[in-house]
Amino acid sequence: MRRFFLSPDVEISDEVLLSKAESHHLTKVLRLPVGMLLQLFDGRGHIHDAEIVAMGKQVRLRILSSVYVEEDGVPLRVCQGILKGQKMEFLLQKCTELGVSEFIPFSSSRCQLKKTELRKLADKQDRWQRIIDEACKQCNRPWPMKLGTVISLEEMVLQREEARPGILFWEEEKEASLHTFSLPADVAGLQIVLGPEGGFSSDEAEAARKAGFQVLSLGPRILRAETAALAAVSIIQHLIGNM
Ligand code: SAM
């Protein structure tokens, strides 16, 4: 069943009006007919089954039934060194699909973006949020992944919450790995950190270790940043029972 985003500000009564943007997608792109059934979600856990009753700049829908889905599972926060080009957008989409609860982009010494590009990253927040919202729609996720603003590696390391074990995946770590990692029994959340294309310097890995992060290897091969992120998220989500 097709899903559309309904702003959480819309008061739910027998009938609701879809936003102009979503109405345009429904009428002009998908060309759905009156009478068709679809789902509405508000990104706050509410999911409504609805029927199209009238077309227009704002499509009118009759609410047939509503459910509320609690946010569940152990939250996983992914901190990702800023990547070039489309790779960040790819990771935002995949981390949403994989159930990551929060995504924090950070800049570090080996980020391969120029200073001017780093300064412009704030302009990408809206686009990045749209990618998350679209991925939520596609994967039927009632609560969107939270997106943080870009911070520095130093700030990110300092922000690690005591109650939330942190893992920094370092390509130069030779000893410790997920095989040696034991998940605390009643873990309330987990934070994983992955580097940019240029990786982490020894000083950065050391600073994270001092701040209480476990520094682990993902095996003997050097993975592309986006491969490492997907592999680490998939393994950890399985370990904490979200996949
Ligand atoms: N510039 C580095 C090099 O060529 O050695 C590679 C960095 S890798 C492209 C980007 C990030 O992916 C790393 O900082 C790390 O977080 C993660 N990563 C890739 N391979 C890894 C491995 N074998 N073990 C742990 N982390 C890895």
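Here the structure is a predicted model, which is why all the values come from computation and not from measurement. All ligand and atom numbering here is 1-based and tracks the order in the structure. We're numbering straight along the sequence, starting at 1.
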Item to complete: State the atoms of ligand 1, each with its element, that fall below the 4.0 Å cut-off from a heavy-atom position in Ser217.
Response: 24 (N), 25 (C)
Discussion item. Would the distance check show the side chain of Arg3 and the main-chain N or O of Gln138 forming a donor-acceptor pair, the cut-off being under 3.5 Å?
Written reply: yes
Item to complete: Heavy-atom contacts with Gly198 under 4.0 Å: which atoms of ligand 1 show up? List them by number with element.
Response: 1 (N)
Discussion item. Counting non-hydrogen protein atoms only, what is the nearest one to atom 24 (N) of ligand 1? Give residue, atom name and distance.
Written reply: Leu218 N, 2.7 Å
Worksheet item: Considering only heavy atoms of Ala225, which atoms of ligand 1 have at least one such atom less than 4.0 Å away?
Response: 9 (C), 10 (C)
Practice prompt. Provide, to 0.1 Å, the distance between atom 10 (C) of ligand 1 and the closest protein heavy atom, together with that atom's residue and name.
Written response: Pro196 O, 3.1 Å
Practice prompt. Answer yes or no: is there a donor N or O on one side and an acceptor on the other, between the side chain of Trp170 and the main chain of Glu206, under 3.5 Å?
Written response: no
Practice prompt. If you have a sec, work out which protein heavy atom is nearest atom 5 (O) of ligand 1 and how many Å separate them, to one decimal?
Written response: Glu171 CG, 3.9 Å
Worksheet entry | Nearest protein heavy atom with distance in Å, relative to atom 16 (O) of ligand 1 | Phe169 O, 2.6 Å
Worksheet entry | Val53 versus Glu15, closest heavy-atom pair with distance | CG2-OE2, 4.1 Å
Fill in: pair Leu30-His25: side-chain heavy atoms closer than 4.5 Å
yes
Worksheet entry | Close-contact set for ligand 1 against Leu194 heavy atoms, below 4.0 Å | 16 (O)
Discussion item. Give the atom numbers and elements of ligand 1 that come within less than 4.0 Å of a heavy atom of Glu197.
Written reply: 1 (N), 6 (C), 7 (C), 9 (C)
Discussion item. Just to confirm my output: which protein heavy-atom neighbour is closest to atom 8 (S) of ligand 1, and how far is it?
Written reply: Leu223 O, 3.3 Å
Discussion item. Is there a side-chain contact between Val16 and His48 in this structure, where contact means two heavy atoms from C-beta onward sitting under 4.5 Å apart?
Written reply: no
Worksheet item: For ligand 1, is Leu216 a contact, meaning one of its heavy atoms is under 4.0 Å away?
Response: yes
Fill in: Validation row: Val233, Ile192 side chains within 4.5 angstrom (heavy atoms)
yes
Discussion item. Is there a polar contact between ligand 1 and Pro220, counting only N or O atoms under 3.5 Å apart?
Written reply: no
Worksheet, complete the sentence: For Ala228, the atoms of ligand 1 under 4.0 Å from one of its heavy atoms are 12 (O), 17 (C), 18 (N), 19 (C)
Worksheet entry | Linked, directly or transitively: Met243 and Phe181 (ILVMFWY side chains, under 4.5 Å) | yes
Worksheet item: Do Leu178 and Ile236 touch side chain to side chain, with heavy atoms closer than 4.5 Å?
Response: yes
Worksheet item: Same cluster for Phe169 and Ile82 if Ile/Leu/Val/Met/Phe/Trp/Tyr side chains link at under 4.5 Å?
Response: yes
Practice prompt. Any chance you could lay out the side chain to side chain contact (heavy atoms under 4.5 Å, CB included) test for Leu218 and Thr227, step after step, and finish with the verdict?
Written response: CA-CA 11 Å; Leu218 281 169; Thr227 311; over 6 Å; no
Worksheet item: Is a side-chain N or O of Glu71 found less than 3.5 angstrom from the main chain of Trp143, in a donor-acceptor match?
Response: no
Item to complete: Please say whether Gly195 places an N or O atom under 3.5 Å from an N or O atom belonging to ligand 1.
Response: yes
Discussion item. I'd like to check which ligand 1 atoms, numbered from 1 as shown, lie under 4.0 Å from a non-hydrogen atom of Arg221.
Written reply: 20 (N), 22 (C), 23 (N)
Item to complete: Could you list which atoms of ligand 1 come closer than 4.0 Å to a heavy atom of Gly199?
Response: 1 (N), 7 (C), 14 (O)
Worksheet item: Hey, does Gly219 come in under 3.5 Å of ligand 1, counting only N/O atoms on both sides?
Response: yes
Practice prompt. Could you tell me the residue and atom name of the protein heavy atom closest to atom 6 (C) of ligand 1, and the distance to it rounded to 0.1 Å?
Written response: Ile222 CG2, 3.7 Å
